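No experiment lies behind these values; they were computed from the predicted model shown. One-based numbering along the sequence shown.
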Amino acid sequence: MDLFMGMCFLALFYAFFCICKLVLQRRGQGCYMLAYECYKPPEERKLNTGSCAKIVFRNKNLGLEEYRFLLKTIVSSGLGEETYGPPIVFAEREQEPTLADAHLEMKDFIFDTLDKLFARTGVSPSEIDILAVNVSMFAPVPSLTASIINRYKMRENIKAFNLSGMGCSASLVAVDLVRHLFKSYKESYAIVVSTESMGPHWYCGREKSMLLSNCLFRSGSCSMLLTNKRALKHRAILRLKSVVRTDLGSNDEAYECCMQVEDDHGNLGFRLTKGLTKAAAQAFSNNLRILVPKLLPLRELLRQFFVAKLEKNIKKTTQVETLNLKSGVDHFCIRPGGRAVIDGVGKGLGLNDYDLEPARMALHRFGNTSAAGNWYVLSYMEAKKRLKKGDKILMISLGAGFMCNNCVWEVMRDLDSVNVWKDCIENYPPQCLVNPFKEKYSWINDECLNFVRLH
């Protein structure tokens with residue numbers, strides 16, 4: 001009996017030891033966001049109807065068919081009159097970009113947001129332990145992380161990572177990288193910078209699948225400060241709950257649906273194919289299969305289990321109730337890749353106009369800002385004072401590769417900070433989202449023009 005009691009005591013002691021070890025390990029693995037700053041370009045770089053038309057008509061490679069395609073695309077894009085373009089376009093040099101143009105654009109985007117982030121948080125650049133920058137289409141030597149380290153005179157032992165070619169979902173790749181690094185580097189600060197090089201990659205050819213990017217992509221950037229210091233938990237605005245990444249790169253069709261290529265005349269651009277919709281749906285579905293069990297409460301998972309059993313055992317005569325993500329999510333932060341993307345995700349998840357409003361408004365006001373897009377959506381929610389302590393945010397991003405990267409954030413306190421929306425939030429949502437392109441340029445569709453050369 002004494003031997004039996006001794007073995008039971010040892011087993012209990014070992015279990016207690018394992019539990020304590022697990023708790024101590026998890027205590028240092030938190031990932032908290034202290035602040036983020038989105039970039040707002042100067043007013044003179046707004047791409048309204050008139051400036052867009054000038055850029056289009058400057059491209060002598062376009063004909064009537066391309067004009068009609070662009071008119072249809074822009075009208076249905078969901079973009080408004082106040083999005084921002086790269087400096088090189090306003091200098092009318094998009095057909096002859098230089099390396100200096102790319103560097104100036106990046107420094108403008110990155111340094112503006114970092115200056116504001118350091119000033120807002122009071123954290124010194126010398127305190128930063130980890131730096132991750134994601135820019136898909138510009139990878140200079142020295143790297144962009146090196147330029148940041150040089151500008152802010154950061155420490156010699158900083159852990160710097162430069163992510164390129166990761167597409168529009170790269171921001172969450174960088175956040176996930178930091179989350180994993182926090183497991184090894186305790187009591188650390190991390191900076192993540194998400195932006196895209198737009199000017200040097202403005203497409204000047206006539207291939208329709210490559211002209212789409214000119215209609216959708218706009219200038220934007222975001223820098224964020226993360227930490228795993230528990231002592232700063234009270235200052236945090238968000239806590240990262242989980243991240244799930246899905247990559248369909250092994251599928252040829254998915255791999256090729258978003259790709260930087262040259263057209264037949266040597267014009268560099270970004271091609272979007274018809275396979276994009278299929279790849280996005282598949283990647284999103286695969287991602288949710290892994291994320292949903294981590295996201296939803298037990299009662300919803302049990303309900304879905306019994307519904308699935310019911311479907312299997314009897315013939316379905318009525319439409320089965322869809323998965324209720326709202327039982328575990330309060331806000332849906334969908335990257336504003338385009339109106340069709342937002343509407344497609346909303347339909348698939350059974351979301352209403354209130355749920356989709358932040359993504360639609362971010363697209364209307366700032367356009368598709370590539371990897372930074374999620375943060376413009378988040379800042380809209382904050383500006384509208386939607387984010388309350390304890391709320392869960394599902395952040396959804398799709399990008400080239402083809403990848404779907406989703407994560408869940410928990411709001412740590414009521415948020416209402418002044419941000420990039422401060423000068424216009426009272427005007428949103430507008431009563432009408434229709435842009436004036438159709439009204440001003442509908443004459444392009446006149447049949448009489450079929451017999452007229454526009455150049």
Side-chain angles (χ1 to χ4, degrees), residues 45-86 88-97 137 168 196 198-220 257-277 336-343 360 363-370 432-455:
R45 280 173 43 197
K46 281 187 177 179
L47 277 175
N48 56 26
T49 304
S51 57
C52 284
K54 289 179 181 178
I55 296 168
V56 170
F57 290 129
R58 255 196 334 254
N59 186 350
K60 303 305 180 183
N61 294 316
L62 304 182
L64 182 60
E65 183 180 352
E66 289 75 30
Y67 288 147
R68 288 173 173 171
F69 169 78
L70 286 170
L71 176 64
K72 180 180 177 181
T73 302
I74 294 174
V75 166
S76 62
S77 66
L79 274 67
E81 286 280 273
E82 297 189 320
T83 62
Y84 300 94
I88 192 173
V89 171
F90 290 91
E92 301 186 8
R93 293 192 298 103
E94 64 269 19
Q95 297 191 37
E96 46 187 26
M137 296 193 293
C168 296
E196 189 53 88
M198 303 298 299
H201 301 93
W202 193 271
Y203 180 59
C204 298
R206 61 182 300 168
E207 189 172 322
K208 293 179 181 178
S209 63
M210 297 171 72
L211 284 168
L212 280 170
S213 61
N214 290 0
C215 300
L216 295 173
F217 286 96
R218 296 292 184 264
S219 296
C257 71
C258 302
M259 183 174 286
Q260 186 181 24
V261 296
E262 290 183 344
D263 64 16
D264 295 337
H265 300 284
N267 295 301
L268 184 66
F270 197 71
R271 184 178 63 201
L272 304 173
T273 72
K274 294 180 179 179
L276 174 60
T277 304
R339 193 172 74 174
V341 173
I342 297 171
D343 292 347
R360 287 172 173 166
L363 179 67
H364 184 269
R365 176 63 180 85
F366 293 99
N368 182 343
T369 51
S370 190
C432 180
L433 294 178
V434 177
N435 62 41
F437 271 89
K438 188 173 183 179
E439 178 184 351
K440 292 185 177 182
Y441 298 100
S442 59
W443 53 267
I444 289 177
N445 290 320
D446 290 348
E447 292 186 7
C448 63
L449 290 179
N450 294 338
F451 308 98
V452 177
R453 289 181 60 87
L454 295 183
H455 290 307

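A heavy-atom distance below 4.5 Å is found between the side chains of L47 and I55. Annotation: side chain of I74 is not in contact with side chain of L79 (no heavy-atom distance under 4.5 Å). Between L62 and L211 there is a side-chain heavy-atom pair separated by less than 4.5 Å. A 4.5 Å side-chain heavy-atom check between R68 and L71 finds every atom pair outside the cut-off. Residues F217 and C168 are in side-chain contact: their nearest non-hydrogen atoms beyond the backbone lie under 4.5 Å apart. Looking only at side-chain heavy atoms (C-beta outward), R360 and D343 come within less than 4.5 Å of each other.
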> Can you list the steps and then say if V89 with W202 is a side chain to side chain contact (heavy atoms under 4.5 Å, CB included)?
Replying inline: CA-CA 8 Å; V89 171; W202 193 271; 3.8 Å; yes
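Residues passing the side-chain hydrogen bond (donor to acceptor under 3.5 Å, both in side chains) test with S209, sequence neighbours excluded: E207. Evaluation of the side-chain hydrogen bond (donor to acceptor under 3.5 Å, both in side chains) rule for N214 yields no partner, not counting sequence neighbours. Qualifying side-chain hydrogen bond (donor to acceptor under 3.5 Å, both in side chains) partners for S219, counting only residues two or more places apart in sequence or in other chains: none. Every side-chain contact (heavy atoms from CB on, under 4.5 Å) that L272 has, sequence neighbours left out, goes to L212, C258, F270. Take K208 and apply the side-chain contact (heavy atoms from CB on, under 4.5 Å) test, not counting sequence neighbours, and it matches E65, F69. In terms of the side-chain contact (heavy atoms from CB on, under 4.5 Å) criterion, residue partners of T273 (sequence neighbours excluded) are, by chain and number, C257, R271.
In this structure, H201 and M137 approach most closely via the heavy-atom pair CE1-O, 2.8 Å. For the residue pair G367 and R218, the shortest heavy atom distance occurs at CA-CG, 4.1 Å. For C204 against Q95, the heavy-atom pair with the smallest separation is SG-CG, 3.4 Å. N267 and D263 make their closest contact through N-OD1, 2.8 Å (heavy atoms, listed as atom of the first residue, atom of the second, distance). Across all their heavy atoms, M210 and V261 have their closest contact at CE-O, 3.4 Å. Closest heavy-atom contact between E82 and R365: O-NH1, 2.6 Å.
Heavy-atom neighbours of K72 NZ from other residues, nucleotides or ligands within 6.0 Å: at or below the threshold of 12.
One distance of note links NZ of K54 with CG of N48; it measures 8.5 Å at 0.5 Å rounding. Atom CG of N59 is separated from atom CD of E94 by 8.0 Å, given to the nearest 0.5 angstrom. Note that CG of N368 and OG of S213 are 10.0 Å apart. Values are rounded to the nearest 0.5 Å.
Looking only at distances, a side-chain donor or acceptor of E66 sits under 3.5 Å from a matching main-chain atom of G63. In this structure, R45 contributes its side chain and G85 its backbone to a donor-acceptor pair below 3.5 Å.
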